[in-house]
Amino acid sequence: MSHRALRPVDLAREAGVSTQQIRNYADTGILPPAERTAAGYRRFDTRHREALLAYRALAKGYGWEAARSIMLAVHDGDLTGALALVDACHAALHGQRLALRATGEALEAVAGQDPGAPAAPQSALRIGEVAALLGVRASALRVWEAAGLLTPQREPGTGYRWYGPAEVRDARMIHMLRQGRYPLTRIGDVLDGLRATGSTEALRAALAERGAALAATAVAMLEGSARLHDYVAGARRQA
């Protein structure tokens, strides 16, 4: 394959970034080394274009930091290391899928509990006890309360918080949803539906949305991997 000369502005337009960003990519090793003219200007070509497109595609699925590390490893001649980074990202995505499934099962079970049932805590708990029960800091419970997700009772005189069975159940759900990276506003929708009607519809919608997001990430990873393969294969042919 012949190498067509390209200017920084040509690469910038194709990627939708500034020419300075292209120079930054070159300086940090995201792009392969570029020759310079007698005047000191970089001479880019189709190899740099393919590297740029591979990096941008990788970033959509693997994230900017992982994409950067992968490209740096490739340009350092460490293909094994680059592939190990790719594998680690896929393993992390798989772990998130498993966690989502477990979270869904646990949330359905918690949502279906009757706060007054014998299995639920029958005595009110203080904030430190609830924090220990969930394995979170007491400050997290205060943040959830400030967001309107929890409404513990206050002891007259001292103002100490007391969490009854319903609050403990809700705290469990909030904690599990936060582990699934749900924003507090979405968690509020889930709890409102559960409290008002006993419905888990918002819960199922939140889980479905998270599942769709993971699927979109998997597709983006696939596209990024394809671009990386084309770039690496092309570099080998030209070596």
Side-chain angles (χ1 to χ4, degrees), residues 1-103 179-182 207-239:
M1 178 187 296
S2 61
H3 294 312
R4 181 170 61 90
L6 295 169
R7 299 169 300 169
V9 68
D10 297 323
L11 296 179
R13 287 171 179 168
E14 184 150 10
V17 299
S18 67
T19 53
Q20 182 58 52
Q21 190 65 62
I22 297 299
R23 297 186 186 97
N24 293 342
Y25 289 162
D27 289 339
T28 56
I30 290 171
L31 302 183
E35 296 179 356
R36 289 184 179 268
T37 66
Y41 295 109
R42 291 184 178 87
R43 305 173 73 172
F44 294 116
D45 55 37
T46 51
R47 294 173 307 157
H48 300 91
R49 174 184 178 275
E50 293 306 311
L52 174 64
L53 294 179
Y55 170 66
R56 303 285 295 185
L58 285 168
K60 291 179 180 178
Y62 296 85
W64 294 106
E65 186 58 36
R68 177 180 178 277
S69 297
I70 291 168
M71 295 303 293
L72 289 180
V74 168
H75 293 145
D76 283 342
D78 185 12
L79 181 59
T80 298
L83 294 178
L85 292 170
V86 169
D87 291 345
C89 290
H90 283 279
L93 180 65
H94 181 60
Q96 291 178 49
R97 287 185 184 279
L98 295 179
L100 178 65
R101 183 184 308 167
T103 297
Q179 287 182 311
R181 301 181 182 179
Y182 290 98
L207 294 175
E209 183 178 327
R210 177 62 176 162
L214 292 179
T217 298
V219 171
M221 282 184 166
L222 186 63
E223 294 172 350
S225 295
R227 279 284 187 184
L228 178 65
H229 173 269
D230 290 345
Y231 174 62
V232 170
R236 283 181 167 179
R237 288 193 299 269
Q238 296 161 16

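Note that CG of L228 and OH of Y55 are 13.5 Å apart. Values are rounded to the nearest 0.5 Å. Note: I22 CD1 to Y25 OH = 6.5 Å, rounded to the nearest 0.5 Å. In this structure, L31 CG and L11 CG are separated by 7.0 Å, a value rounded to the nearest 0.5 Å.
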Could you give the side-chain donor-acceptor pairs of residues 72-86 under 3.5 Å, partners two or more places apart or in another chain?
| residue | atom | partner | partner atom | Å |
| --- | --- | --- | --- | --- |
| H75 | ND1 | G29 | O | 2.7 |
| H75 | ND1 | I30 | O | 3.3 |
| H75 | ND1 | M71 | O | 3.3 |
| H75 | NE2 | Y231 | OH | 2.7 |
| D78 | OD1 | G81 | N | 2.9 |

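The side-chain heavy atoms of L52 and F44, taken from C-beta on, include no pair separated by under 4.5 Å. Counting heavy atoms from C-beta outward, L100 and Q96 have side chains that stay 4.5 Å or more apart.
Residue pairs satisfying the salt bridge (Lys or Arg N to Asp or Glu O under 4.0 Å) criterion with at least one member in residues 5-21, sequence neighbours excluded, are listed as follows: R7-D10, E14-R49. Residue pairs meeting the salt bridge (Lys or Arg N to Asp or Glu O under 4.0 Å) criterion with at least one member in residues 80-93, sequence neighbours excluded, do not occur. The list of side chain to side chain donor-acceptor pair (under 3.5 Å) pairs with a residue in residues 28-37, not counting sequence neighbours, is empty. Every pair passing salt bridge (Lys or Arg N to Asp or Glu O under 4.0 Å) that includes a residue from residues 64-73 is listed here, sequence neighbours excluded: E65-R68.
By the side-chain contact (heavy atoms from CB on, under 4.5 Å) test, V219 pairs with E223, sequence neighbours left out. For A218, the side-chain contact (heavy atoms from CB on, under 4.5 Å) partners are L93, R97, not counting sequence neighbours. With sequence neighbours left out, A233 forms a side-chain contact (heavy atoms from CB on, under 4.5 Å) with H229, R237. Taking the salt bridge (charged side-chain N to carboxylate O under 4.0 Å, His left out) definition, one finds that D27 meets it with R42, sequence neighbours left out. Taking the salt bridge (charged side-chain N to carboxylate O under 4.0 Å, His left out) definition, one finds that E209 meets it with R186, sequence neighbours left out. Residues satisfying the ring-ring contact (aromatic ring centres under 6.0 Å, His included) criterion with H94, sequence neighbours excluded, are absent altogether. Residues forming a side-chain contact (heavy atoms from CB on, under 4.5 Å) with A59 (at least two apart in sequence, or on another chain): W64, A67.
In terms of heavy atoms, Y62 sits closest to M221 at OH-O, 3.4 Å. The minimum heavy-atom distance between R227 and A57, with the atom names listed, is CG-CB, 3.7 Å. Of all non-hydrogen atoms in D45 and L6, the two that sit nearest each other are O-CD1, 3.4 Å. The minimum heavy-atom distance between R210 and Y182, with the atom names listed, is CB-OH, 3.0 Å. Between R56 and A15, the closest heavy-atom pair is NH2-O, 3.7 Å. Taking both residues in full, the closest heavy atoms of A220 and G61 are given as CB-CA, 3.6 Å, listed atom of the first, atom of the second, then distance.
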